[in-house]
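The block underneath contains the structure these notes are about, expressed in structure tokens.
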Amino acid sequence: MRLVIVGASLSGLRAAQAARRAGHEGELIVIGAEPHLPYTRPPLSKELLQGRQEIEDSALPVDELDVQWRLATEATGLDRARRRIRLHDGDEEHYDRLIVATGCRARRFDGPGAQLDGVHTLRTLEDAIALRAALKDTRRLLVVGAGFIGCEVAASARSLGVEVTMIDIASHPLLPFGPVLGERWAAMHRDHGIELRLGVGLAELLSDDDDQRVTGARLSDGTSLQADTVLIALGAMLNTEWLTGSGLELDPGVACDPTLTCTRDPEILAAGDIASVPAALAGGARVRVEHWTTAAEHGQLAGRNALVAHDERTAHTAPPYFWTDQYDAKIQALGCPALAEHSELLELAPDGGRFVAACVQGRLVVGVVAVNAARRLAWYRRALQTPRPLAELKEALAQEDATLGSPVGATP
């Protein structure tokens, strides 16, 4: 069997490794648009940006993997009838089974001033190298978007002594965590010297008349501010254009069943950011998760499942898990916090700096958020394979000896 994986990032690598470990001895081709062998992305906005790691530290080990790498090669089309992947250079790759792991790219600002020098996004290794170099000569950084990347870069820049303004059209940072926890994140950034401008968007990037370098921005409320460097952190766009006309179901990710098999073709699986998969904590609705752990788990499962018939494949059942490191806070989450109607503290350490909060929809816990409480997450991941009534989870928690402490009388 000829197994082809399109996407040479974390999911694609894990799929290739899993296929070999599961006994695949046939051809294994990995196609990647970037010129690099696989690397891990979380350090790009933190350790690498701060100078605590170098480029080589982001590389993922691939030396012993028997794979034909086709790097700096972009997939441009998929012919399912012929089982051919069209490539940007006019070549084609034939497959018997295919794993789609092309992930996302950074969403760009397309308004006035978007092409000015000093305007950055952060998704790739080259992006991180360019932004790190820029921050060395930056007095004031403007971060447009207070999601995960925006907040992490803002925290990293502050650690380097850069003045930072962060704006977002939302009412609080890290929108998926809801407004109550969002107020905590806003306070955390302000306590570290970040100027937060919330409920306002970017209208235009500005420069001097005789220069093509960014000098500031005009916001949607008509106000202006100065900046030497701008990071556009407006989320990600799916790399699905090459699948247009293929007949695969896109919603907008690649629609899959729980085994990561594409709904319209059992010979094709998807993994990572691009895979839209039913989630128990979302009531069975399909969700996409753009985070490291899910990318790794999807890749491993897709690599194994690609070797067997559809009716022999294993479902992905683990609840989504993701994290972000900002200043001295490790924020970790399970499940689907964005679906919650409110949050409620479950555990609170006596010092107040560590806690676990439930994200609740109706009576059911659909997610959990923890701050500096990494050891508690394993228990919750086992407990939340499916939605669970809050009262039931509290009863189970009452039998635990390792909790941080009682949250009675406290708010998230």
Side-chain angles (χ1 to χ4, degrees), residues 39-55 57-58 104-109 114 116-170 172-177 182 184-198 200-202 205 214 216-217 219 225-237 273 290-292 322-333:
Y39 60 90
T40 186
R41 296 188 193 275
L44 302 188
S45 58
K46 299 183 282 289
E47 293 89 350
L48 192 144
L49 201 61
Q50 297 166 24
R52 295 190 288 118
Q53 284 190 8
E54 296 304 322
I55 296 170
D57 297 319
S58 298
C104 298
R105 62 187 183 277
R107 186 183 300 275
R108 297 181 180 275
F109 174 64
L116 292 172
D117 293 337
V119 179
H120 297 258
T121 57
L122 181 56
R123 178 74 185 183
T124 68
L125 193 57
E126 284 83 4
D127 292 339
I129 294 166
L131 183 58
R132 182 167 80 169
L135 289 179
K136 292 179 180 178
D137 299 316
T138 296
R139 185 181 64 83
R140 177 170 285 277
L141 170 70
L142 170 62
V143 176
V144 182
F148 286 90
I149 293 296
C151 287
E152 289 174 2
V153 171
S156 294
R158 285 300 296 143
S159 75
L160 298 172
V162 177
E163 297 179 33
V164 180
T165 299
M166 183 160 56
I167 70 169
D168 199 296
I169 59 172
H172 58 84
L174 300 177
L175 189 63
F177 291 126
R184 274 186 173 260
W185 316 143
M188 175 180 68
H189 284 288
R190 288 189 174 111
D191 288 346
H192 284 83
I194 302 287
E195 179 186 352
L196 270 179
R197 301 283 297 275
L198 300 171
V200 63
L202 175 63
L205 293 171
V214 68
L219 307 185
L225 49 83
Q226 294 182 331
D228 309 304
T229 301
V230 175
L231 173 73
I232 303 298
L234 295 173
M237 298 179 65
D273 297 359
E290 297 177 8
H291 293 286
W292 196 95
F322 47 99
W323 81 92
T324 176
D325 296 321
Q326 299 170 34
Y327 312 109
D328 57 354
K330 176 174 279 295
I331 303 168
Q332 297 169 287

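Counting from 1, the numbers follow the sequence of the chain as shown.
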Quiz item: So, do Val230 and Phe109 sit near enough that their side-chain heavy atoms are less than 4.5 Å apart?
Solution: no
Practice problem: Check whether more than 12 heavy atoms from other residues, nucleotides or ligands sit under 6.0 Å from atom CD of Gln226, and answer yes or no. | Solution: no
Quiz prompt | Side-chain heavy atoms of Arg132 within contact of Ile129, under 4.5 Å | solution = no
In a table with atom names and distances, give each donor-acceptor pair under 3.5 Å that connects a side chain of residues 141-157 to protein atoms at least two apart or in another chain.
residue : atom : partner : partner atom : Å
Glu152  : OE1  : Ser45   : OG           : 2.5
Glu152  : OE1  : Lys46   : NZ           : 3.2
Glu152  : OE2  : Thr324  : OG1          : 2.7
Ser156  : OG   : Ser45   : O            : 2.7
Ser156  : OG   : Gln50   : NE2          : 2.8
Ser156  : OG   : Glu152  : O            : 3.1

Practice problem: Side-chain contact test, heavy atoms from C-beta onward, threshold under 4.5 Å: evaluate it for Ile232 versus Leu202 and give yes or no. | Solution: yes
Practice problem: Starting from the C-alpha separation in whole Å, work towards a yes-or-no answer on side chain to side chain contact (heavy atoms under 4.5 Å, CB included) for Leu49 and Leu160. | Solution: CA-CA 9 Å; Leu49 201 61; Leu160 298 172; 5.5 Å; no
Self-check item: From Met166 atom CE to Glu195 atom CD, the distance as rounded to the nearest 0.5 Å
Solution: 11.0 Å
Quiz item: Are side-chain heavy atoms of Trp323 and Lys330 found at a separation under 4.5 Å?
Solution: yes
Exercise. Given side chain to side chain contact (heavy atoms under 4.5 Å, CB included), test Val214 with Thr229 step by step and report yes or no.
Key: CA-CA 7 Å; Val214 68; Thr229 301; 5.8 Å; no
Exercise. Could you tell me which non-hydrogen atom of Gln326 sits nearest to which non-hydrogen atom of Leu174, and how far apart they are?
Key: NE2-CD1, 3.9 Å
Practice problem: Can you label the angle between the His192 ring and the Tyr327 ring as parallel, tilted or perpendicular, going by 30° and 60°? | Solution: parallel
Self-check item: Min side-chain heavy-atom separation Ile331-Arg184 under 4.5 Å
Solution: no
Quiz item: Is a side-chain donor or acceptor of Asp191 paired with a backbone partner of Met188 at a separation under 3.5 angstrom?
Solution: no
Practice problem: Flag the pair Thr124 / Tyr39 as yes when at least one side-chain heavy-atom distance between them is below 4.5 Å, and no otherwise. | Solution: yes
Practice problem: Determine, step by step, whether Leu122 and Leu231 satisfy the side chain to side chain contact (heavy atoms under 4.5 Å, CB included) criterion, reporting the C-alpha distance in whole Å, the side-chain angles of both residues, the deciding distance to 0.1 Å, and the verdict. | Solution: CA-CA 8 Å; Leu122 181 56; Leu231 173 73; 4.1 Å; yes
Quiz item: If you look at every heavy atom in Thr138 and Ala134, which pair is closest and at what distance?
Solution: OG1-O, 2.7 Å
Quiz prompt | Minimal non-hydrogen separation, Thr121 against Arg108, with atom names | solution = OG1-NH1, 3.7 Å
Quiz prompt | Check against salt bridge (Lys or Arg N to Asp or Glu O under 4.0 Å), Arg123 and Asp273 | solution = CA-CA 13 Å; Arg123 178 74 185 183; Asp273 297 359; 2.9 Å; yes
Self-check item: Given Asp168, Leu196, Ile194, the one that forms side chain to side chain contact (heavy atoms under 4.5 Å, CB included) with Pro173
Solution: Leu196
Self-check item: Minimum-distance pair of heavy atoms, taken over all atoms of Arg139 and Val162
Solution: O-CG1, 3.7 Å
Quiz item: Does Leu48 reach the side chain of Asp57, with side-chain heavy atoms less than 4.5 Å apart?
Solution: no
Quiz prompt | Heavy-atom closest pair, residues Ile169 and Gly201 | solution = CG2-CA, 3.5 Å
Quiz item: Just wondering, do Leu225 and Arg140 contact through their side chains at under 4.5 Å, heavy atoms?
Solution: no
Quiz item: Shortest non-hydrogen contact from Leu205 to Ala217?
Solution: CD2-CB, 4.0 Å
